[in-house]
Amino acid sequence: MEDSWRREFIKGLIGAFSLPFFSIKEAFASKGSVLIKLPPLPLQETHIVGKEKGGRVLIVGGIHGNEPGAYKAADILRHVKVKRGELFIAPRMNFVSILANQRGYNGDMNRKFSNLSPKDPDYDKVVWLKNFIEEVKPDIVLTLHDGFGFHSLNPRFWGQCIVIDGEVYKGIELGKIARYVSKNVNKEISNRKWKIPVYNTRTFDKDTKHPEQRKSLTYYCLKNLNIPAICLETSKQMPNLETKVVFHLKMLKEFFDLYNVTIEPDFRYLISNVQKLLYPQNFYSATVCVNGRIIEISSSRKLKVPPRSTVQVIRFNGTDGTNGIFNGVNKNYREFSIRRKLSIDVKDDFKKKFNISIVVG
Ligand SMILES: [Zn+2]
């Protein structure tokens, strides 16, 4: 779809340089080594403004890297046109964990919104999101997740529910909002375990069973910014990725109705075309500079380079989820020096497309 009606900023983040556990000097110290560089992982941010005035909704995806229903649903909405209202989307908050397909490659990011050491590898991302929300001051923050199990079958499980931190917080009627969405979504769901009830973790109460939620994004938004924030959970145990995305879109449709945001194409179209939207025909490649010479790599390949070479991946081409990570060393690194060999996995989000094996010799 065309880009003219959306403003998009993709900001580079985290040179591995800033990570304290990696010393570039050390890496260069060994004579004859080969330096491999990857482009920084971007923090993706989309802002779409409608012509008509309406609500302002901010969607966060990918705080947990192994929850593709969540970040794919957020990603799909980046490509719509907004007719009424305003949409802000940060689809891939934890890109390194998405590429690693792990909940939190550097620990659980949803426990990092209270206190966090600047030494934490997720520090820049968490601070960026906090600032983003504070600058935008949306009417609501919706954070998307794929939880475990089915909440309607077992209330200890987090899959298929709408999570709120309290019934009412400083006049914000979270319970009412969540129940409106739950009621409307459930009208169309006949399978009992797929129903989406409201889960109140009572995070503000002294006797809450979930004090850990005081470190979460939604609690941060409520407590520190007085901004309504709700967590939408589909289930990891849904039969496939399409179903997870569909349920996220169904919940989001109700929130959009409530906040007076309309999009084009509408949710009905998005839901019936999820398959096509999830798996577009794409050509994947990496543009690589080897000692000043540019080459294009689009399938698994071994690159033999002489000692003291520099191999720099200038960019990965494909979808917005396409990027690369090192295989076998810390995946936070965006630069690494080798004496023998190292491979780069080129992925579209969790899916591996090909790998580039670099061998010194
Ligand atoms: Zn999650």
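The figures that follow rest on heavy atoms only: side chains count, while hydrogens, waters and symmetry mates do not. In each ligand, atom 1 is the first atom listed, and ligand 1 is the first ligand listed.
- The side chain to side chain contact (heavy atoms under 4.5 Å, CB included) test with I338 is passed by exactly one of I36, L35, V329: I36.
- Taking the Zn ion (ligand 1) as reference, H145 places its N/O/S atom ND1 nearest.
- No more than 12 heavy atoms of other residues, nucleotides or ligands sit less than 6.0 Å from atom NZ of K223.
- Using a 4.5 Å cut-off between side-chain heavy atoms of Ile, Leu, Val, Met, Phe, Trp and Tyr, with links allowed through other members, L232 and Y199 fall into different hydrophobic clusters.
- Distance CZ/F247 to CD/E188: 9.0 Å, rounded to 0.5 Å.
- The nearest N, O or S atom of D146 is not closer to the Zn ion (ligand 1) than 2.8 Å.
- Closest N/O/S atom of H64 to the Zn ion (ligand 1): ND1.
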